[in-house]
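Notes follow the structure.
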Amino acid sequence: MPSELVHKYLRIDHLPHIWCAGCGNGIIMRDVAVALQELIDDPEVPVSRDKTVVVSGIGCSSRAAGYLDFDSIHTTHGRAIAFATGIKFARPDLEVIVLTGDGDCSAIGGNHLIHAARRNIGLTVVTFNNDIYGMTGGQYSPTTPTGDKATTAPYGNLDRPFDIAQLAAGAGATFTARGSAYHARETTELIKQGILHKGFSLIDVYSVCPTYYGRKNGRGGPVEMLQWQKEHMVPAATYYAMSEEARRDKTLVGVLTHTENPEYTEQYAALVERVRAQSGK
Amino acid sequence: MTGRKKLVIDPAWCKGCGICAAFCPKNALEIAGEKVRLKEGGECVACGACEMRCPDYALWLEDLEE
């Protein structure tokens with residue numbers, strides 16, 4: 001009998017999951033489950049299990065929609081946000097949560113990402129960002145840092161990486177944040193904020209892939225990779241108290257951008273009302 | 001949160017990654033035979049740091065029965 005959380009919110013007949021030993025995805029999936037549990041249990045918050053949909057695409061990360069015991073849909077590669085847009089459009093009353101990876105979200109699904117952000121449709125996207133395509137054998141992804149190695153970049157990656165959160169914010173997302181596998185509690189809080197935010201939210205969570213990214217780049221195993229996150233990624237309260245000099249090699253764990261703009265499905269409902277009133281129907 | 005908690009370990013789900021042991025603030029856990037266990041004399045204070053970062057949900061806190 002696993003923990004109450006796992007028993008209640010995960011499909012335990014599908015566990016243990018297929019992710020490798022020390023994969024950060026298991027930690028991030030738990031963060032999502034805890035965030036949802038805490039919102040569902042909070043009487044002040046209108047989030048309910050029956051009105052929550054979990055959508056994923058393809059890749060290691062996207063197995064999560066199969067493990068989480070909600071109404072869920074495991075879609076085609078890169079199209080999680082497209083399916084989620086359809087669900088939200090048909091049923092704006094649902095909380096639609098997209099679980100995706102760096103490749104699924106920013107390569108194959110890059111166009112869906114930027115246009116969902118541009119529309120500011122009320123989805124919450126959580127990226128399990130491990131800098132590599134794990135499931136297919138360690139090819140470089142749009143977030144693999146320049147110079148790092150991958151199966152398809154044996155001499156080092158030439159490309160400059162995307163910062164998925166900045167990309168989403170630049171395209172119009174009204175809530176963006178960064179989490180990490182190590183900073184589980186902080187990441188859970190950011191996911192909660194993203195779900196509660198009205199509009200397009202993206203929480204870019206740095207995962208760890210010891211099997212491919214770690215091994216190919218001499219980053220050690222899961223413990224060393226999480227230790228790196230502990231040392232180089234800093235929660236907001238500490239980060240903003242640091243000098244600019246001290247922040248230079250640090251990455252913020254916290255909210256990156258937060259603005260208010262009209263949400264797309266509300267604008268659509270208003271449009272329908274307006275047109276109906278004009279036509280007298 | 002109510003009452004005191006105790007640590008429960010299910011070795012069947014443990015993949016032996018060692019994250020729990022590495023980040024246990026009391027250094028109370030160890031990996032033996034690729035599975036986690038409480039060290040002999042290990043002083044678990046039921047803080048939950050291991051449960052929070054276990055990718056495999058192999059250990060967790062439960063309410064201690066009074």
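Values reported hereafter were calculated over all heavy atoms of this structure, with side chains retained and with hydrogens, waters and symmetry mates removed. Protein chains get the first letters and strands the later ones, always in sequence-line order, with residue 1 at the start of each.
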Open item on the list: Can you tell me if A/Lys149 has over 12 outside heavy atoms packed within less than 6.0 Å of its NZ?
Closed with: no

Open item on the list: Minimum heavy-atom separation for A/Val223 and B/Ala22, please, with both atom names.
Closed with: CG1-CB, 3.4 Å

Open item on the list: Is it true that, when you exclude A/Tyr140 itself, more than 12 heavy atoms of the residues, nucleotides or ligands shown sit nearer than 6.0 Å to its OH?
Closed with: no

- [ ] Go through A/Glu4 and B/Trp60 one step at a time and tell me if the side-chain contact (heavy atoms from CB on, under 4.5 Å) criterion holds.
- [x] CA-CA 9 Å; A/Glu4 199 184 324; B/Trp60 62 91; over 6 Å; no

Open item on the list: Between B/Lys15 (side chain only) and A/Pro16 (backbone N and O only), is there a donor and an acceptor less than 3.5 Å apart?
Closed with: no

Open item on the list: Using side-chain contact (heavy atoms from CB on, under 4.5 Å), reason through A/Ile12 and B/Trp13 one step at a time and then give a plain yes or no.
Closed with: CA-CA 11 Å; A/Ile12 53 172; B/Trp13 282 14; 4.1 Å; yes

TODO: Under 4.5 Å, counting heavy-atom pairs only, tell me which of A/Leu5, A/Ile27, A/Thr188, A/Asp31 racks up the most with chain B.
DONE: A/Ile27

- [ ] Report the option among A/Ala184, A/Gly22, A/Ser3 that has the most heavy-atom pairs separated by less than 4.5 Å from atoms of chain B.
- [x] A/Ser3

Task: Residue B/Glu34 versus chain A: region with a heavy atom under 4.5 Å - done: neither

Open item on the list: Does A/His7, at its NE2 atom, have more than 12 non-hydrogen atoms belonging to other residues, nucleotides or ligands within less than 6.0 Å?
Closed with: no

Open item on the list: Do B/Pro55 and A/Cys23 make a side-chain contact, defined as non-hydrogen atoms from C-beta onward lying under 4.5 Å apart?
Closed with: no

Open item on the list: Please check if the number of heavy atoms outside A/Phe70 that lie under 6.0 Å from its CZ is greater than 12.
Closed with: yes

Task: Contact class of A/Leu15 relative to chain B, heavy atoms under 4.5 angstrom - done: both

Task: Interface moiety of B/Asp56 toward chain A, non-hydrogen atoms closer than 4.5 Å - done: both

TODO: Could you tell me the separation between the CD atom of B/Glu51 and the CZ atom of A/Arg30, rounded to the nearest 0.5 Å?
DONE: 4.5 Å

Task: Engaged part of A/Gln227 at the chain B interface, taking heavy atoms whose separation is under 4.5 Å - done: both

TODO: Looking only at non-hydrogen atoms, find the nearest pair between A/His17 and B/Tyr57 and report the distance.
DONE: CD2-CE1, 4.1 Å

Task: Portion of A/Val6 that has a non-hydrogen atom of chain B nearer than 4.5 angstrom - done: side chain

Task: Rounded distance [0.5 Å steps], NZ in A/Lys230 versus CZ in B/Phe23 - done: 6.0 Å

